[in-house]
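The chains referred to below are lettered A, B, ... by the order of the sequence lines, with proteins before strands, and numbering in each begins at 1.
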Protein chains: 2
Amino acid sequence: MNTDTSPRPRMTRQRREILDALDTRDFRSAQSWHEHLRADGSTVGLATVYRALQALADTGDVDAVVSESGETLYRRCEAGEEHHHHLRCRSCGKAVEIDVPEFEDFAHRIGDAHGYGDIRHTIELTGICPECAAAGRG
Amino acid sequence: MNTDTSPRPRMTRQRREILDALDTRDFRSAQSWHEHLRADGSTVGLATVYRALQALADTGDVDAVVSESGETLYRRCEAGEEHHHHLRCRSCGKAVEIDVPEFEDFAHRIGDAHGYGDIRHTIELTGICPECAAAGRG
DNA sequence: CCTGATTTTGACAATCATTCTCAACAAGTT
DNA sequence: AACTTGTTGAGAATGATTGTCAAAATCAGG
């Protein structure tokens, strides 16, 4: 049996541009990535950016986190990485990946203790990065 | 100088009803609390529910978390409690408060290590509660 | 209890992020 | 080139949330 139901996407100009933009590895909303692309001369449409980011999030090629304001932020993740978390700058979006191995176990122990199954967890660390602090932002 | 810029809110029928409803201590969206109230015979308006929940979140009387879908969920918190996290059921919203003392320190150590200041953190644990699992939901 | 100053309410419009629609278009195949 | 089918983009539609503003209610004070 074939479990691969989805054909690989076609490599269009738009997809290439989006993939390129993601190389900066910042956390940005779809709208912000779109502006970024247009500022660089791309003519890509907003809906296309949304679609591409969602598709990439589905395949695990980008991380998606929901900010306090309810916007979804996207960032390309390291190839092949499994589960990880981030320390993100609230001012400029720059992020570093962090590892919280202790927590993976902890989450399951807590779940078990309360009888909850299919445990998922989100850890979001935010702060103001050195550059932004120096610039007086945030 | 007087730093208390906000007079205590007036106790209106609507506010009383909302406060009462919050006693169930579930995590629900503003819209869901509104439906809940109307179902109980209240005539409170949606905007009023939003305003009340926001005000309560500002004073720390309710917790607000943003779900994966981008909705903000509200829940009354234990009086006087400071900072805490939740294990929430993805199916019915029932939640238990959990304590992660180790993490408070950890968060600051990570922040320092990367030069990030004004560190804030969010930990969200979700799962399927025993009742929902038994009922085949989720 | 009556009155007035000030808050609060609620119906509805406005905003914001995101998703949907669908005809025009481009990728990859033969 | 011709075809099949996935992709695009403009704009409409949706859904959550916030803003607007006149009418109603609260909490003084007399």
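Phosphate proximity of C/dG10 to B/Thr48: present, with a side-chain N or O under 4.0 Å from OP1 or OP2. Residue B/Gln14 places at least one side-chain N or O under 4.0 Å from the OP1 or OP2 atom of C/dG10.
At a cut-off of 3.5 Å, with distance as the only test, no side-chain donor of B/Thr48 or B/Gln14 sits close to an acceptor on the other residue. Checked by atom type, the side-chain pair A/Thr126/B/Arg120 shows no donor-acceptor distance below 3.5 Å. Side chains of B/Thr59 and B/Asp61: a donor-acceptor N/O pair is present below 3.5 angstrom, by distance only.
Along DNA chain D, the nucleotide nearest B/Arg10 and the nucleotide nearest A/Pro9 are compared for position; the residue whose nucleotide lies closer to the 5' end is A/Pro9. Mapping B/Arg13 and A/Arg13 onto DNA chain C via the closest heavy atom, the residue that lands nearer the 5' end is B/Arg13.
The distance between atom NE2 of A/His34 and atom P of D/dA10, rounded to the nearest whole Å, is 8 Å. Note: CD (B/Glu17) to P (C/dT9) measures 10 Å, nearest angstrom. Separating the CE atom of B/Met11 from the C1' atom of C/dT9 is a distance of 15 Å, rounded to the nearest angstrom. Atom CZ of A/Arg8 and atom P of C/dT29 are 10 Å apart (whole Å). Atoms CD (A/Glu35) and C1' (C/dT18) sit 15 Å apart, rounded to a whole Å. Atom-to-atom, CZ of B/Arg38 to C1' of C/dT9 comes out at 12 Å; the value is rounded to the nearest Å. Following rounding to the nearest Å, B/Arg16 (CZ) and D/dT26 (C1') show an atom-to-atom distance of 11 Å.
Using modelled atom types, no side-chain atom of B/Arg28 and backbone atom of B/Arg75 make a donor-acceptor pair closer than 3.5 Å.
A salt bridge is absent between A/Glu97 and A/Arg88: the closest approach of a Lys/Arg side-chain nitrogen to an acidic carboxylate oxygen does not fall below 4.0 angstrom. The existence of a salt bridge linking B/Arg76 and B/Asp63 is excluded, since no basic side-chain nitrogen approaches an acidic carboxylate oxygen closer than 4.0 Å. For A/Glu104 and A/Arg109, the salt-bridge test fails: no basic side-chain N is under 4.0 Å from an acidic carboxylate O.
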For this session: Any chance you could list the contact pattern along nucleotides 11-24 of chain D? Use B for base contacts, S for sugar-phosphate-only contacts and - for none, protein heavy atoms under 4.0 Å, 5' to 3'.
Result: -----SBBBB----
